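Okay, structure first, notes after.
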Amino acid sequence: MVEILFAKLALPKDGVLVLPVGEDQPLSGQAAVLDEILGGMLSKAMATAEFKGKAGQVLNSYNAGPYKRVILAGAGKPDAPRRAELLGAAITIALAKEAEAVILSEDFTAPQAAEIGLGARLRAYRFDKYRTTQKPDEKVKLEKLKLLTAAPKEAEAAWKIAAAVATGVEFTRDLVTEPANVLYPAEFAERTEGLKKLGLKVEVFGQKELEKLGFGTLLSVSQGSVREPRMVVMQWLGAPGHGDDKKGTKKPKDPLVFVGKGVTFDTGGISLKPAAGMEDMKWDMAGAGTVAGLMAALAGRKAKIDAVGLIGLVENMPSGSATRPGDVVKSYAGKTVEILNTDAEGRLVLADVLYYAQERFAPKFMVNLATLTGAIIVGLGHEYGGMFSNSDELVGKLAASGEAVGEKLWRMPLSKEGEGYDKEIDSAIADVKNIGGGRAGGSITAAQFLQRFVNNTPWAHLDIAGMAWGTKDAGVNPKGATAFGVRLLDHFVRGFE
Ligand code: BES
Ligand code: MN
Ligand code: ZN
């Protein structure tokens with residue numbers, strides 16, 4: 001992990017120095033002073049290399065005066081969205097082979113300096129615990145970034161908050177990246193118990209407890225696996241007025257509730273998936289991973305709000321004990337479900353957890369995240385997550401937070417119960433069936449299924465199947481697990497604090 005530090009504006013004596021330069025801007029301030037000391041070397045290099053300060057553009061000068069390396073880093077236009085964090089990400093890429101560097105963030109406010117740090121740290125994420133033969137020159141070396149700013153104390157305060165969010169994102173990325181032989185429901189649950197040290201209350205429900213509760217739809221998914229299911233309930237009681245909670249008896253009041261699909265591996269079950277690409281289904285727990293990372297972020301930055309995260313953890317396997325297509329099971333809500341395709345399992349897991357969440361916590365509102373359908377990728381690709389909701393207010397706030405952090409959401413339609421798309425999931429022999437009539441509108445019929453288990457709670461379902469995993473580097477996300485939703489929901493929660 002890259003360490004981020006802040007210090008007062010003063011040119012360092014030596015080492016690696018990064019100078020952000022705005023688009024079509026000349027060097028200014030300390031950078032201009034340095035250029036003069038260096039006899040105009042930097043400005044001449046800018047002209048020769050046609051360096052325009054465009055976002056992502058980088059110009060290296062080695063052995064520049066006392067410095068090993070001076071990097072001019074394009075900072076783009078002043079009003080570009082997420083300018084500072086994207087600059088931080090670009091600097092991380094340029095610095096991969098350096099152990100440390102100093103960034104002159106003179107043109108940025110203290111909070112923006114913290115954003116540069118956030119972008120740098122998020123982009124520097126690596127998961128190499130299983131690499132045993134990596135040569136030293138293949139490794140990213142960056143360890144320490146020092147940002148020079150006029151108000152280092154203020155930047156540090158902003159950084160404390162940003163760092164808590166970064167830790168949440170990293171926690172999620174680690175979970176999502178782990179292979180399914182390592183991360184199965186019990187192991188996932190155990191890792192969430194590690195979050196107790198942040199002040200979260202964490203409860204874990206095992207097979208027996210879930211049976212006793214009557215989680216029939218969730219259990220129908222896990223029954224083919226030798227791995228036992230789990231449900232984890234994570235509570236953060238940060239709203240003012242709780243006092244201390246030494247006895248652990250305090251209850252959340254009007255909490256914000258987040259629910260995640262945690263299928264640690266989705267083979268499809270008896271409705272088996274094709275072999276090609278099935279390895280991707282190790283990240284079918286990204287919704288749950290995101291909820292866990294979000295709770296870590298909220299606790300880490302001591303959010304002044306009550307929030308509850310619930311995750312349903314199962315493995316979907318074919319076996320002699322697996323659910324058969326055509327089976328009918330009873331959900332925790334009491335509704336019976338005809339399972340016509342065992343690969344439409346995420347909704348079965350969520351149905352029970354969503355209903356439990358409402359019954360126990362009476363949420364102010366509820367947001368669930370799930371890698372629910374391949375169809376959402378057909379519809380929206382990898383640019384927007386799908387958003388389904390019974391509340392225009394939630395939609396507005398979630399969409400705005402998504403834009404602010406660069407995790408964008410696009411609203412999809414949802415019919416009222418008994419109307420339109422909802423009729424597709426009426427069953428001939430039970431209360432509801434787990435798939436629609438055909439492939440058409442597959443993401444919508446999945447959302448309609450979830451809605452059957454939502455009471456009057458304002459609710460949004462985010463289908464993140466296209467966003468949880470990146471096949472190439474993009475912005476603050478190196479390829480692989482993105483943790484899409486952690487920053488979005490952290491930002492969204494801030495609106496209620
Ligand atoms: N986990 C998948 C959805 C998915 C697909 C996520 C690709 C990420 C990438 C989900 O459980 C699933 O299998 N959905 C089926 C539903 C169908 C059987 C109605 C799908 O999308 O094909
Ligand atoms: Mn599936
Ligand atoms: Zn799935």
Side-chain angles (χ1 to χ4, degrees), residues 176-177 180 183-185 188 217-218 220-225 227 229 259-290 311-318 322-327 337-353 368-386 388 412 421 424-425 427 432-450 461-471 480-482 484-485:
V176 172
T177 313
L183 195 85
Y184 45 91
F188 192 140
T217 55
L218 183 148
S220 76
V221 179
S222 77
Q223 72 185 42
S225 171
R227 306 293 197 183
V259 175
K261 165 183 173 179
V263 177
T264 58
F265 197 79
D266 180 13
T267 63
I270 297 299
S271 312
L272 193 63
K273 286 184 180 296
M278 201 200 278
E279 65 277 8
D280 282 350
M281 289 300 105
K282 76 170 183 181
W283 48 262
D284 206 20
M285 36 54 70
T290 300
I311 56 180
L313 303 170
V314 298
E315 183 178 59
N316 188 21
M317 296 291 262
T323 294
R324 293 152 289 256
D327 284 1
V337 180
E338 184 187 15
I339 300 174
L340 291 178
N341 188 318
T342 64
D343 197 13
E345 86 297 338
R347 62 199 77 180
L348 298 171
V349 174
L350 288 171
D352 279 345
V353 182
N368 76 256
L369 298 106
T371 48
L372 203 63
T373 65
I376 201 68
I377 310 176
V378 177
L380 299 178
H382 304 285
E383 284 293 316
Y384 285 83
F388 302 79
M412 301 284 288
Y421 298 109
E424 294 259 338
I425 55 171
S427 159
V432 60
K433 59 180 179 173
N434 81 326
I435 52 169
R439 278 156 50 88
S443 300
I444 308 173
T445 48
Q448 296 290 162
F449 183 91
L450 299 181
H461 152 54
L462 310 182
D463 193 337
I464 60 169
M467 307 308 293
W469 193 267
T471 53
T482 60
F484 181 96

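For ligands, and for the atoms within them, numbers begin at 1 and follow the listed sequence. On a predicted model such as this, the values are computed, not experimentally measured, just so you know.
At least one N, O or S atom of D284, from either the backbone or the side chain, sits less than 2.8 Å from the Zn ion (ligand 3). When distances to the Zn ion (ligand 3) are checked against a cut-off of 2.8 Å, K261 contributes an N, O or S atom below that limit.
Remark: K282 NZ to T177 OG1 distance equals 6.0 Å, nearest 0.5 Å. Atom NZ of residue K261 and atom CZ of residue R347 lie 8.5 Å apart, to the nearest 0.5 angstrom. Separating the CG atom in D327 from the CZ atom in R324 is a distance of 4.5 Å, to the nearest 0.5 Å.
Residue-to-ligand polar distances keep N341 apart from ligand 1: every N/O pair is separated by 3.5 Å or more. Among the atoms of R347, none of the N or O lies under 3.5 angstrom from an N or O of ligand 1.
S271 pairs in a side-chain hydrogen bond (donor to acceptor under 3.5 Å, both in side chains) with only one of the listed residues (N341, N316, D343), which is N341. Partner V259 forms a side-chain contact (heavy atoms from CB on, under 4.5 Å) with one of L369, N368, L450 and no other, that one being N368.
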Worksheet item: Could you walk me through whether H382 and F484 pass the side chain to side chain contact (heavy atoms under 4.5 Å, CB included) check?
Response: CA-CA 11 Å; H382 304 285; F484 181 96; over 6 Å; no
Practice prompt. Output, in order, the C-alpha distance, side-chain angles, deciding distance and verdict of side chain to side chain contact (heavy atoms under 4.5 Å, CB included) for M412 and L380.
Written response: CA-CA 10 Å; M412 301 284 288; L380 299 178; 4.3 Å; yes
Discussion item. T267 vs K273, test: side chain to side chain contact (heavy atoms under 4.5 Å, CB included). Steps then yes/no.
Written reply: CA-CA 6 Å; T267 63; K273 286 184 180 296; 6.0 Å; no
Practice prompt. Please assess T323 against E345 for the test side chain to side chain contact (heavy atoms under 4.5 Å, CB included), listing each intermediate value before the final yes or no.
Written response: CA-CA 10 Å; T323 294; E345 86 297 338; over 6 Å; no
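Closest N/O/S atom of D266 to the Zn ion (ligand 3): OD2. Nearest to the Zn ion (ligand 3), among the N, O or S atoms that E345 has, is OE2.
Contact atoms of ligand 1 toward E345: 11 (O) (distance under 4.0 Å to a heavy atom of the residue). Listed by atom number, the atoms of ligand 1 under 4.0 Å from T371 heavy atoms are 1 (N), 2 (C), 3 (C), 6 (C). The distance from ligand 1 to the heavy atoms of W283 drops below 4.0 Å at these ligand atoms: 8 (C), 9 (C). Those atoms of ligand 1 with a heavy atom of A465 less than 4.0 angstrom away are 6 (C), 8 (C).
Nearest protein heavy-atom neighbour of atom 19 (C) of ligand 1: I435 CG2, 3.6 Å. The protein heavy atom nearest to atom 21 (O) of ligand 1 is G374 N, 2.7 Å. The protein non-hydrogen atom at the shortest distance from atom 2 (C) of ligand 1 is D266 OD2, 3.6 Å. The protein non-hydrogen atom at the shortest distance from atom 12 (C) of ligand 1 is D343 O, 3.2 Å.
The shell of residues lying under 4.0 angstrom from ligand 1, judged by heavy atoms, includes M281. The shell of residues lying under 4.0 angstrom from ligand 1, judged by heavy atoms, includes K261.
Nearest approach of P185 to T264, heavy atoms of both residues: CD-OG1, 3.4 Å.
Taking each of D284, N316, T373, L372 in turn, the one with a heavy atom nearest to atom 10 (C) of ligand 1 proves to be L372.
Here E345 contributes OE1 and D266 contributes OD2, and at the Mn ion (ligand 2) these two atoms make an angle of 90°, given to 10°.
The backbone N or O of P325 sits nowhere less than 3.5 Å from a side-chain atom of T342 that would complete a donor-acceptor pair.
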